[in-house]
Amino acid sequence: MSDSAGGDGRPDDEGRPASDPPPTDPPDVSDDTVGATLFTYGAPFLGVLLVAVGIGAAVPGAYGLIQEDIADCGDPSISVDPVEEQFAGEPPDGLRRFTVEELAPAERRAVRRALDDPLGEAHVRGEFRNRPAFENGTLVDADGRTYYATIVAEHPCFETAPLQFPLGVFAIALGVVGILTPPGYRRLVALEERIRE
């Protein structure tokens with residue numbers, strides 16, 4: 001039995017004083033440590049990025065699917081006003097003239113709604129057969145009066161890719177899995193250790 005173990009100050013077998021602490025080894029930077037760090041921090045970071053990209057794709061993609069139900073997408077607005085409010089004198093000769101009965105059903109409904117609207121505007125929902133005439137301005141005879149009707153606003157639909165919404169949802173789901181994988185793995189390891197004990 002060596003006397004150096006008793007702490008009497010005498011050097012040990014390697015010539016070091018017995019009271020000196022043993023040298024410590026440098027930190028072990030093994031492949032397992034790097035892999036664990038990437039797993040612990042890299043997977044959640046990648047998951048957050050996927051969730052952000054997924055939200056950016058899924059939200060406009062979802063709007064593209066339902067926009068026709070919640071907005072007047074694709075339905076232009078027309079205004080219908082008494083012709084005497086639009087022109088100081090007689091209207092120009094080049095304007096086409098219709099009676100309200102000659103209009104297509106969707107156009108006729110829009111003219112009727114515009115006449116009842118306080119602002120004199122309405123959307124044309126359906127076949128817009130005489131659209132070129134409305135784009136240039138046209139005269140419409142209805143209820144014994146002549147009105148000037150024209151398109152005042154377009155409502156184009158928001159263009160989205162067909163797979164934008166499902167791919168966005170898939171990216172969100174994959175990102176959530178990446179975020180929850182490290183804590184889930186740690187809980188699984190802890191559960192296995194408790195079972196072994």
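Side-chain heavy atoms closer than 4.5 Å link hydrophobic residues (I, L, V, M, F, W, Y) into clusters, and following such links, even through other members, never connects Tyr148 to Val111. Val53 and Val48 sit in two unconnected hydrophobic clusters of ILVMFWY residues. Membership requires side-chain heavy atoms under 4.5 Å apart, directly or through other members. Linking Ile, Leu, Val, Met, Phe, Trp and Tyr residues whenever their side-chain heavy atoms come within less than 4.5 Å leaves Leu167 and Tyr63 in two separate clusters. Ile55 and Leu65 fall into different hydrophobic clusters, where Ile, Leu, Val, Met, Phe, Trp and Tyr side chains are chained together by heavy-atom contacts under 4.5 Å.
Phe165 is not listed as a side-chain neighbour of Thr160, based on a closest heavy-atom distance of 4.5 Å or more. Annotation: side chain of Phe170 is not in contact with side chain of Ile172 (no heavy-atom distance under 4.5 Å). Looking only at side-chain heavy atoms (C-beta outward), Thr146 and Val140 stay at 4.5 Å or farther from each other. Counting only heavy atoms from C-beta outward, the side chains of Leu95 and Asn136 never approach each other to under 4.5 Å. By the 4.5 Å heavy-atom criterion applied to side chains, Leu139 and Arg96 are not counted as neighbours. The closest side-chain heavy-atom distance from Thr138 to Tyr147 is not below 4.5 Å.
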Practice task
Would you sort out whether Arg112 and Asp143 count as a salt bridge (charged side-chain N to carboxylate O under 4.0 Å, His left out), showing the intermediate values?
Solution key: CA-CA 10 Å; Arg112 290 296 184 189; Asp143 304 328; 2.8 Å; yes
Problem - Verdict with supporting geometry, Asp141 and Thr99, side chain to side chain donor-acceptor pair (under 3.5 Å) - result: CA-CA 5 Å; Asp141 295 326; Thr99 64; over 6 Å; no
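Between Ile78 atom CD1 and Ile151 atom CD1 the span is 8.0 Å, to the nearest 0.5 Å. In this structure, the separation between CG on Leu174 and CG on Leu50 is 5.5 Å, given to the nearest 0.5 Å. To the nearest 0.5 Å, atom CZ of residue Arg145 and atom CG of residue Leu115 are 9.0 Å apart. Distance OG1/Thr150 to CZ/Phe134: 8.5 Å, rounded to 0.5 Å. Distance check: Cys73 SG to His123 NE2 gives 11.5 Å after rounding to the nearest 0.5 Å.
The environment of CZ in Phe45 is sparse: at most 12 heavy-atom neighbours from other residues, nucleotides or ligands sit within 6.0 Å. Residue-environment remark: CD (Glu154) exceeds the threshold of 12 foreign heavy atoms within 6.0 Å. Heavy-atom contacts from other residues, nucleotides or ligands closer than 6.0 Å to CZ of Phe87 number more than 12.
Between Arg113 and Ala122, the shortest heavy-atom contact is CB-CB, 3.8 Å. Contact detail for Leu103 and Arg129: the closest heavy-atom pair is C-NH2, 3.8 Å. Closest non-hydrogen pair, Ala57 versus Gly168, comes out as CB-CA, 4.0 Å. Here the closest heavy-atom approach between residue Cys157 and residue Gly74 is recorded as SG-N, 3.7 Å. Nearest heavy atom pair, residue Pro44 against residue Ile179, reads O-CG1, 3.8 Å. Nearest heavy-atom pair across Val80 and Ala149 is CG2-CB, 4.0 Å.
Checking Arg125, Arg131, Glu135 one by one against Pro76, the side-chain contact (heavy atoms from CB on, under 4.5 Å) holds for a single residue, Arg131.
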What side-chain donor-acceptor pairs closer than 3.5 Å can you find for residues 181-197, not counting sequence neighbours?
residue : atom : partner : partner atom : Å
Thr181  : OG1  : Val177  : O            : 2.5

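Judged by distance alone, with hydrogens and angles left aside, the side-chain atoms of Glu107 form a donor-acceptor pair with the main-chain N or O of Ala104 at under 3.5 Å.
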